[in-house]
Enquirer: 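Right, I'll just put the structure down here and ask away after.
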Amino acid sequence: MLLADDDPLVRAGLRLMLGGAADITVVGEAADGSEVAGAVRAGAPDVVLMDLRMPHRDGLAATRDIRDAGGASPN
């Protein structure tokens with residue numbers, strides 16, 4: 001799983017909650033929408049948990065970037 005949120009406290013809280021689950025591994029984080037595509041390439045997550053409102057590039061645009069680069073399935 002990749003966590004994408006501009007608030008470091010939110011990312012830390014999500015990492016703490018989700019990292020404790022036996023079947024979830026947090027492989028990376030992105031602090032804004034412009035970092036998401038690179039983090040997906042680097043970590044190859046199965047799931048991206050993304051904030052929609054982030055600076056530089058919002059979550060919807062970042063999702064399109066991932067899809068257009070072939071890094072996400074349409075499902």
Enquirer: How does the hydrophobic cluster around Val27 look, that is, which other residues are in it when side-chain heavy atoms under 4.5 Å mark a link?
Expert: none
Enquirer: Who are the side-chain contact (heavy atoms from CB on, under 4.5 Å) partners of Ala4, not counting sequence neighbours?
Expert: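 So Ala4 forms a side-chain contact (heavy atoms from CB on, under 4.5 Å) with Ala30, Val36, Met50, Met54.
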Enquirer: Please identify each residue that fulfils side-chain contact (heavy atoms from CB on, under 4.5 Å) with Pro8, with sequence neighbours left out.
Expert: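 By the side-chain contact (heavy atoms from CB on, under 4.5 Å) rule, Pro8 matches Arg11.
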Enquirer: Under the salt bridge (charged side-chain N to carboxylate O under 4.0 Å, His left out) rule, collect the residues that match up with Arg41, sequence neighbours excluded.
Expert: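 Partners of Arg41 under the salt bridge (charged side-chain N to carboxylate O under 4.0 Å, His left out) test: none.
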Enquirer: Which pair of non-hydrogen atoms, one from Ile66 and one from Ala37, has the smallest distance, and what is that distance?
Expert: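 Looking at all heavy atoms of both residues, the closest pair is CG1-CA, 4.4 Å.
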Enquirer: Apart from Leu49 itself, what residues make up its hydrophobic cluster when side-chain heavy atoms of I, L, V, M, F, W and Y under 4.5 Å apart count as a link, directly or indirectly?
Expert: Met1, Leu3, Val10, Leu14, Met17, Leu18, Ile24, Val26, Val47
Enquirer: Minimum heavy-atom separation for Ala62 to Gly33, with atom names?
Expert: CB-O, 3.6 Å
Enquirer: State which residues pass side-chain hydrogen bond (donor to acceptor under 3.5 Å, both in side chains) with Asp32; sequence neighbours excluded, sorted by chain then number.
Expert: Ser34
Enquirer: Atom CD in Glu35, atom CG in Asp6: separation rounded to 0.5 Å?
Expert: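 The CG atom of Asp6 is 10.5 Å from CD of Glu35, to the nearest 0.5 Å.
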Enquirer: Is there any salt bridge (Lys or Arg N to Asp or Glu O under 4.0 Å) pair reaching into residues 16-25, and which pairs are they, with sequence neighbours excluded?
Expert: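 Output for this query is empty, none listed.
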Enquirer: Linking directly or through intermediates, with side-chain heavy atoms under 4.5 Å: list the remaining ILVMFWY members grouped with Leu60, chain and number order.
Expert: Leu52
Enquirer: Could I get the full list of side-chain contact (heavy atoms from CB on, under 4.5 Å) partners for Ala61, not counting sequence neighbours?
Expert: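 Result, side-chain contact (heavy atoms from CB on, under 4.5 Å) vs Ala61: Arg57, Asp58, Arg64.
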